[in-house]
Amino acid sequence: MSQQVLANELSERLQNAAENHEQVITRQLASSAPQEYPDWLVLAQAYLSADNKDAALQALQQASKLAATSQQNAHVALLRAKVYGILFRDTPNAISFLEQAETLLQGSTGKAEQQLLSEVLTNFAQAHNQLGDLAKAEYFASQSLELAISLADPAKELAARLMLGRLALQNNRFNQAHQQMQQAMILAEKLGDTEARASIYFRLGMAFRKIDEHALALEHLQQAAALYQSQNNLSSYSYALVYIAESYLENPEGIAQAEQHLLQALAISKQINNVMRTAIVKQSLGRASKLRGDNRQAAEYYNDALQQFRQIGAQTYVQESALALAELLFLQQQFGQSQQLVAELSPAIDDAANYLQARYYDLSARLAEQQQNWQQAYLLQQQASKLQFTELTATTTEKLNELKNNLSQSNARQDSEAELLTAQLAMRSTLRHWQVTVLVFAVLFAFIAYLYWQQRNHLRQRQPLHQPLLPSQSWSRFCEKLQQDGRNKQPLHLIAIALEQSQQLKLNVGEATFSRPVQTVLHNLPDLQLAAYCINSDVLWLGYRAGTTEVTHVIRQLEHDIQQALAQLTTTSRLISLQLDVAQLLGPRWQAVDLAALREALWLGWKLASLLDDDARCWHIQLSAEQPRPCEWRSSNIRLDMINALQLGALKLTVNQEAVPGALSGTLVMGATEASQ
């Protein structure tokens, strides 16, 4: 029998051991025949899949004694690397065994040896990715792909493309990630590889998460979870549950569902004794607790995750977890502990991913400001803004390219033609959404708000330092920024601005024609004391630090400028603005999660304004509290609670400075009650 036939037979046995490890272990141990080199290697693979590290190493020791060629010794070294890398989470030791395998295979020209080398190179990529060295990881993955293609080996090509797609995704190269995943899906279907298909759905879900398409992300992640569960792959299933939960956390109403998925993932990760997975779950539980307003519980989860990431040497996760904990400590005014964590991150931060660097410099700036080191705060915030702008610009460009390619190419899914058509329609809808979003971002980029760093008292007369403020990329991040903002003691107002017929206007004249006159508004804006701003449901939301009178003046100026800019396009579209004093409504110790309830004030106020006999071109809506804590802001039906508070006089609503009668809101009670049922 030829060497290649033997290699193919061994490859099939190893694949079977990975997929059916319990049956293989039982059959091997029950056999009375002498165990040869392939038998021990297959048994080691089965133990590896069963997460039995000691038994796997013992089987490899026996295989090593019987190995007679460089290829066989290299295969033993490769499996040892997998055991140390996957089960022990000892990446440096895993790399040393991979280096042994590579040395043993150097100069070999046989197909079996070259196939094994391709697998070694892919595992090199995985190991360096684990260490956070993306450049080395991409180099080895590219080498593996090139070798697999030259060998016409679809299985090795599939593994290499999955790794390259994953690395491209981590670097925000969405178009490249999509191309690799598309090719990988074709190979996975050809090979009937359910595990690979699950991995591809998972990575596509992660890609959609990165471009803030959380509904599509959730769909792909749920498909991945179902496939992992059908394969009884508990480790990957728990990982999918984590990011399903993360997608739910993008919506304030999804916190309970997110925690349910995370607690299930935590139970699984403890069951399989996977330290890495346990730490990842705890980090997400920390975020969920923080969004729920339980900062004490969040700190416990973040601290546990950080210690476990340090234990296994997962550098990127260490940085992310340490930053999350440091940001939380800053919110709790534990500035010394926050500063200590930032100092620990400092030596390696310049090698971290862009988004981590941006968070690091932003937090460092706020710590410097807290210490009244104004010049240092300015320089650090300038660096953070530069990184945020670079990340946002690159990401926005990739969004449209990625989605357009999705429309023009088959995504090679095994679904029926009807399901494929539905997916394509969803993609078209997504593309339109991003075109609108990019338009809004183009307008908002021109909103240059200068942060002034002026020392109180004797520095008040000096010229303030300014810098641009970038938009928050999601509602949850916008709320977190508002909670973190504490630059001065001026009250925080929440401002919303919407165009009543914005969709119709875009349909009539097109987005490009609509955007040009709107941008002229930006040249007339006052120097906004912005804490943060974002777009949510086609509404511009701003957090503004000033007194009530000044905020009203700023809103009136914005309304005037927008109307003037759009005068040539429309004379009928009404502007709706909302003004809210956050502390007055929510109390002085409000949490980021409470801000979600205030969004309902816009829609309720808008509805009530429409019931009035007021044909003004602008409706300026103000909601104020006539008594402390007028509503239970975390109520499951906040709209009905607000209507009741208006009727009882606990809340007061004005439209263009005219009070709206409380009785008018009573006409909405029936509709709100029916909706709640």
Side-chain angles (χ1 to χ4, degrees), residues 1-18 36-49 56-57 59-88 90-131 133 135-164 167 187 191:
M1 191 177 294
S2 70
Q3 291 296 319
Q4 187 57 49
V5 172
L6 290 173
N8 290 340
E9 181 182 311
L10 177 58
S11 178
E12 291 176 2
R13 290 184 65 190
L14 289 169
Q15 180 67 28
N16 182 53
E36 299 181 355
Y37 162 81
D39 302 317
W40 288 113
L41 203 66
V42 168
L43 189 59
Q45 176 62 67
Y47 280 128
L48 171 61
S49 299
L57 288 177
L60 286 171
Q61 186 175 6
Q62 295 299 320
S64 180
K65 292 177 181 178
L66 297 172
T69 66
S70 296
Q71 179 196 351
Q72 290 178 342
N73 281 303
H75 213 149
V76 171
L78 171 60
L79 279 181
R80 277 180 171 153
K82 289 183 177 182
V83 171
Y84 279 99
I86 298 171
L87 302 185
F88 286 93
D90 185 351
T91 306
N93 211 358
I95 288 177
S96 70
F97 282 112
L98 290 173
E99 289 171 344
Q100 286 182 27
E102 184 183 30
T103 300
L104 287 165
L105 294 170
Q106 280 179 350
S108 301
T109 57
K111 184 175 181 180
E113 289 88 345
Q114 293 288 288
Q115 288 173 320
L116 187 59
L117 179 58
S118 176
E119 188 174 351
V120 169
L121 293 170
T122 300
N123 279 270
F124 262 127
Q126 172 66 34
H128 286 294
N129 183 42
Q130 185 69 35
L131 293 176
D133 192 338
K136 276 190 177 179
E138 190 165 6
Y139 167 79
F140 282 112
S142 298
Q143 293 292 310
S144 177
L145 177 60
E146 184 179 335
L147 185 55
I149 291 174
S150 70
L151 293 169
D153 187 326
K156 299 295 186 292
E157 182 184 347
L158 170 59
R161 288 195 184 279
L162 282 174
M163 178 55 65
L164 280 170
L167 293 169
L187 291 166
L191 295 169

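- Pairs of residues two or more places apart, or lying in two chains, never qualify as side-chain hydrogen bond (donor to acceptor under 3.5 Å, both in side chains) while including a residue from residues 61-73.
- Evaluation of the ring pair (Phe, Tyr, Trp, His ring centres under 6.0 Å) rule for Tyr139 yields no partner, not counting sequence neighbours.
- Not counting sequence neighbours, Asp133 has no partner by the side-chain hydrogen bond (donor to acceptor under 3.5 Å, both in side chains) test.
- A distance of 4.5 Å separates CD of Gln130 from OG1 of Thr91, quoted to the nearest 0.5 Å.
- In terms of the side-chain contact (heavy atoms from CB on, under 4.5 Å) criterion, residue partners of Pro154 (sequence neighbours excluded) are, by chain and number, Leu187, Leu191.
- Qualifying side-chain hydrogen bond (donor to acceptor under 3.5 Å, both in side chains) partners for Asp39, counting only residues two or more places apart in sequence or in other chains: Arg13.
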For residues 96-107, dump all side-chain donor-acceptor pairs below 3.5 Å to protein atoms at least two apart in sequence or in another chain.
from: Ser96; atom 1: OG; to: Asn93; atom 2: O; distance (Å): 2.5
from: Ser96; atom 1: OG; to: Asn93; atom 2: OD1; distance (Å): 3.2
from: Thr103; atom 1: OG1; to: Glu99; atom 2: O; distance (Å): 2.9

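- With rounding to the nearest 0.5 angstrom, the CD atom of Glu12 is 9.5 Å from the CG atom of Asn16.
- The two residues Ala125 and Phe140 make their nearest non-hydrogen contact at N-CB, 3.8 Å.
- Among residues two or more places apart in sequence or in another chain, the side-chain hydrogen bond (donor to acceptor under 3.5 Å, both in side chains) test is passed with Ser118 by Ser144.
- The ring pair (Phe, Tyr, Trp, His ring centres under 6.0 Å) test applied to Tyr47 returns no partner, not counting sequence neighbours.
- In terms of heavy-atom proximity, Tyr37 sits nearest to Leu66 at N-CD1, 3.7 Å.
- When all heavy atoms of Ala160 and Ala141 are compared, the pair lying nearest together is CB-O, 4.1 Å.
- Applying the salt bridge (charged side-chain N to carboxylate O under 4.0 Å, His left out) test to residues at least two apart or on different chains, the pairs with a partner in residues 73-82 are Lys82-Glu119.
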### Query
Does the side-chain contact (heavy atoms from CB on, under 4.5 Å) test come out yes or no for Val42 and Leu10, once each step is laid out?
CA-CA 8 Å; Val42 168; Leu10 177 58; 4.0 Å; yes

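- Residues Leu131 and Lys136 have side chains not in contact (no heavy-atom distance under 4.5 Å, counting atoms from C-beta outward).
- The side-chain contact (heavy atoms from CB on, under 4.5 Å) search around Ser142 returns Glu138, Leu164, not counting sequence neighbours.
- To the nearest 0.5 Å, the span separating CG on Leu43 from CG on Leu14 amounts to 11.0 Å.
- Listed by first and then second residue, the salt bridge (charged side-chain N to carboxylate O under 4.0 Å, His left out) pairs that reach into residues 142-162 are Glu157-Arg161, sequence neighbours excluded.
- Judged as a side-chain hydrogen bond (donor to acceptor under 3.5 Å, both in side chains), and not counting sequence neighbours, the contacts of Ser49 are Gln45.
- Note that the CG atom of Leu116 and the NE2 atom of His75 stand 5.5 Å from one another [nearest 0.5 Å].
- Between atom CD of residue Gln126 and atom CG of residue Leu167 there is a gap of 8.5 Å, rounded to the nearest 0.5 Å.
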